[in-house]
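Scroll down for the structure; my scribbles are underneath it.
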Amino acid sequence: MKCWHLSDQTLTDLIVMRKRTNASASAHGDGVSNPKSYQEDSKQQASQFPSSKKIFIICLIFRMINSLFVQTYFNPDEHWQALEVAHRITFGYGHLTWEWTKGIRSYLHPMLFAVLYKVLFILHLDTPLFMIKAPRLLQSMLSSFGDLYLFKLSHALYGDHVAQWALFAQLTNWFMFYCITRTLSNSLETVLTVVSLYYWPCLRVNPSHGQPVSRTWALVTAALACAVRPTSAIIWVYVGLMELFVSRDRLKFIFLQVLPIGSIVLGLTFLLDRLIYGSWVLVPLNFLKFNFLSSGGDYYGTHPWHWYFTQGFTVMIFTFLPFMVVGIIQSKHWKLSGLILWVIGLYSILGHKEFRFVLPVLPIALSFSGYSLAMLSPLYSSNKKIKKSTSTCSKASWKMQAAVVFLVATNIPMAIYMSMVHQRGTEDVMNYLAKEAHQGNVKSILFLTPCHATPYYSTLHQNVPMRFLDCSPSEVKGNLDESDRFLMDPVAFISEFAKNWSQPSHIILFNNEEKHLKHFLSSHSFEERKRFFHAHFKVDRDLQSSVVVYVLK
């Protein structure tokens with residue numbers, strides 16, 4: 001990185017500006033959000049600074065390419081709670097999991113992809129390639145708004161230079177690359193969260209300066225986030241109480257903004273669910289009862305209370321962690337850092353934990369990382385004596401280069417490996433079956449894998465009979481589901497199962513179970529047709545190194 005050579009007068013001006021900025025921040029007591037001197041400096045540099053339109057185009061191109069890199073399987077909800085439901089809405093067939101019979105999911109999120117599928121159908125583009133790629137491309141467009149608004153939020157709070165480094169952190173973080181373009185409701189929730197945070201007045205030190213604030217837009221996007229995922233209310237309880245505390249017009253905030261906007265957005269969501277469910281379903285209430293009051297989520301596994309602190313969120317932010325910590329301390333923006341702690345702390349109380357649950361606060365953490373990176377810049381290293389400015393500039397430039405190389409070298413390989421290599425077999429096998437089914441070579445399929453281990457009709461896009469091992473929660477505690485019983489004794493399970501089956505044309509299974517079932521498969525006239533690499537190491541169960549396709553002779 002080229003070090004800037006500043007004249008004594010220019011350097012003196014920067015030192016004065018720096019001191020004025022710090023003095024203003026100290027006076028406000030919560031970071032350097034929009035100090036007057038900082039705003040004046042920002043206006044002077046406006047002609048040299050990229051516009052929001054240019055930033056959005058950069059983010060859009062990046063995320064679209066990002067979505068094409070994502071070729072692996074991460075979480076079943078990406079397919080089974082979004083695309084599978086959307087496929088059923090549009091084409092009339094697709095599997096609905098038990099959550100939809102219990103009414104704990106809203107149709108709002110799947111409707112986005114249902115509209116996309118309808119457009120593809122009208123244009124006669126519902127081919128295997130488009131059915132596979134189009135949903136993630138749509139999500140990449142939505143994700144680019146999240147990137148843009150993180151940039152805008154960082155710019156409003158800390159200025160131009162920090163905003164650029166916050167965007168750098170957002171685009172290079174491995175988990176954001178790996179997850180944000182997937183069709184998870186958490187991905188859309190994250191985008192809506194960042195957009196909403198940008199508009200909240202309580203997060204600005206001086207809302208009268210700099211970028212606009214709007215409680216109306218803040219509440220609309222927050223309400224949409226809650227409609228998509230009711231657990232998003234955890235975030236907005238914190239922000240809402242903070243806004244209520246600092247607001248001078250509290251009655252207006254509650255009765256003329258929160259209640260009307262919340263009622264309209266959630267009311268429209270209730271109407272949509274009433275239309276598709278066929279009866280009145282209060283999804284937030286059912287969701288709350290299952291996940292919080294009855295601990296229903298624990299059925300899918302539990303983790304110790306400290307998991308997010310010691311493993312989950314730590315893995316997500318990865319090598320940006322020390323930069324985040326330093327950024328929190330340097331910026332002194334305790335409101336946003338408190339939000340991160342609040343969200344992770346409350347989710348830690350729940351037994352069932354997943355990486356994606358805390359995804360909405362990852363961009364905030366990366367913004368703090370961007371702050372500390374900006375402080376390493378030669379521009380911000382002018383707090384030394386003027387006569388030492390050259391050595392200070394060189395030292396700062398070296399630190400900046402080392403930090404960038406370190407972050408890129410650790411995050412990019414991780415992002416590529418996780419997005420293109422690890423657990424790709426279950427995606428590849430369905431892509432293969434979709435092409436075979438499109439050509440009329442598939443009559444029926446039996447999946448002898450852990451339940452929801454692959455995509456389903458939303459990828460196959462052919463209405464042929466398919467069967468997978470069920471894992472719906474049992475009403476009787478301790479009862480083993482089909483998936484567990486199969487994994488415990490594959491031979492006994494399939495021998496009993498085959499007594500009443502309609503013999504499928506294709507059987508899909510992992511290599512672990514294949515070694516137990518080779519005799520059964522050959523004796524029932526099945527032969528290996530295709531094998532797909534899946535993973536180098538295990539995740540939840542034994543190592544599933546490959547996925548195998550057996551075809552009826």
Side-chain angles (χ1 to χ4, degrees), residues 55-90 94 105-121 125-126 128-151 167 170-171 173-196 221 224-225 227-229 232 316 354-360 362-363 366 415-416 418-420 423-424 427 430-431 455-456 458-459 461:
I55 293 295
F56 176 73
I57 292 173
I58 292 171
C59 294
L60 178 61
I61 294 172
F62 181 87
R63 289 302 177 199
M64 293 183 75
I65 296 173
N66 181 174
S67 71
L68 298 177
F69 270 83
V70 176
Q71 301 171 25
T72 55
Y73 199 80
F74 170 43
N75 187 280
D77 282 14
E78 178 183 4
H79 299 282
W80 292 82
Q81 306 299 351
L83 303 184
E84 193 66 18
V85 182
H87 193 277
R88 185 183 179 90
I89 294 172
T90 307
R105 297 279 183 176
S106 172
Y107 280 95
L108 179 61
H109 181 239
M111 279 300 296
L112 290 173
F113 302 101
V115 172
L116 172 65
Y117 284 153
K118 192 65 176 179
V119 171
L120 293 178
F121 174 74
L125 292 175
D126 55 326
L129 178 63
F130 280 94
M131 293 297 291
I132 293 166
K133 298 298 183 183
R136 284 178 179 164
L137 284 170
L138 174 60
Q139 179 57 43
S140 72
M141 297 177 189
L142 299 173
S143 300
S144 60
F145 281 99
D147 298 331
L148 170 65
Y149 272 86
L150 179 69
F151 175 87
L167 184 61
Q170 173 88 343
L171 298 182
N173 173 258
W174 83 270
F175 193 84
M176 195 60 69
F177 186 95
Y178 175 64
C179 190
I180 198 64
T181 61
R182 295 181 184 272
T183 54
L184 293 160
S185 60
N186 309 86
S187 300
L188 180 57
E189 178 195 10
T190 301
V191 173
L192 292 170
T193 298
V194 176
V195 173
S196 183
T221 48
L224 285 172
V228 170
R229 281 193 65 81
S232 189
M316 292 166 64
E354 295 186 33
F355 293 103
R356 62 193 178 94
F357 291 169
V358 295
L359 181 63
L362 181 58
L366 293 172
I416 293 175
M418 295 299 292
S419 299
M420 301 189 69
Q423 293 192 113
R424 69 168 298 143
E427 293 271 346
M430 284 307 298
N431 297 349
Y456 214 51
S458 60
T459 296
H461 194 46

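No experiment lies behind these values; they were computed from the predicted model shown.
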Any side-chain heavy-atom pair from [X] and [Y] closer than 4.5 angstrom?
{"X": "F74", "Y": "Q423", "value": "no"}
{"X": "T190", "Y": "P363", "value": "yes"}
{"X": "F69", "Y": "T181", "value": "no"}
{"X": "L188", "Y": "L112", "value": "yes"}
{"X": "P455", "Y": "Y73", "value": "yes"}
{"X": "Y178", "Y": "T72", "value": "yes"}
{"X": "S185", "Y": "D77", "value": "no"}
{"X": "Y149", "Y": "S196", "value": "no"}

Measuring from atom [atom1] of [X] to atom [atom2] of [Y], what distance do you get when rounded to the nearest 0.5 angstrom?
{"X": "L362", "Y": "F355", "atom1": "CG", "atom2": "CZ", "value": "12.0 Å"}
{"X": "L142", "Y": "L60", "atom1": "CG", "atom2": "CG", "value": "10.5 Å"}
{"X": "H461", "Y": "D126", "atom1": "NE2", "atom2": "CG", "value": "3.5 Å"}
{"X": "N186", "Y": "H109", "atom1": "CG", "atom2": "NE2", "value": "8.5 Å"}
{"X": "R136", "Y": "S187", "atom1": "CZ", "atom2": "OG", "value": "10.0 Å"}
{"X": "I180", "Y": "L359", "atom1": "CD1", "atom2": "CG", "value": "5.0 Å"}

- request: Say whether, by atom type as modelled, one donor and one acceptor occur between the side chain of S144 and the main chain of I61 under 3.5 angstrom.
  value: no
- request: Determine yes or no for a side-chain-to-main-chain donor-acceptor pair under 3.5 angstrom, with S67 supplying the side chain and S140 the backbone.
  value: no
Which heavy atom in [X] sits nearest to a heavy atom in [Y], and how many Å separate them?
{"X": "L83", "Y": "E78", "answer": "CG-O, 3.6 Å"}
{"X": "R63", "Y": "N66", "answer": "NH1-OD1, 2.7 Å"}
{"X": "A86", "Y": "P110", "answer": "CB-O, 3.3 Å"}
{"X": "A114", "Y": "T90", "answer": "O-OG1, 3.0 Å"}
{"X": "N173", "Y": "M316", "answer": "ND2-O, 3.1 Å"}
{"X": "S232", "Y": "A225", "answer": "OG-CB, 3.5 Å"}

- request: Check whether the ring centres of Y456 and H87 lie less than 6.0 Å apart, and answer yes or no.
  value: no
- prompt: side chain to side chain contact (heavy atoms under 4.5 Å, CB included) between M64 and M141: does it pass, once the steps are laid out?
  reply: CA-CA 7 Å; M64 293 183 75; M141 297 177 189; 4.3 Å; yes
F56 atom CZ, over 12 foreign heavy atoms within 6.0 Å: yes
query: Is the CZ atom of F62 crowded by more than 12 outside heavy atoms at less than 6.0 Å?
result: yes
- request: For R182 and E427, run salt bridge (charged side-chain N to carboxylate O under 4.0 Å, His left out): C-alpha distance rounded to whole Å, both residues' side-chain angles, the deciding distance at 0.1 Å, then the answer.
  value: CA-CA 13 Å; R182 295 181 184 272; E427 293 271 346; 5.1 Å; no
query: Do I132 and T459 pass the side chain to side chain contact (heavy atoms under 4.5 Å, CB included) test, and can you show the C-alpha distance, the side-chain angles, and the key distance before you say yes or no?
result: CA-CA 6 Å; I132 293 166; T459 296; 4.0 Å; yes
field: Salt bridge flag under 4.0 Å for residues R356 and E189
entry: no
field: Salt-bridge present (R105, E84; N to O < 4.0 Å)
entry: no
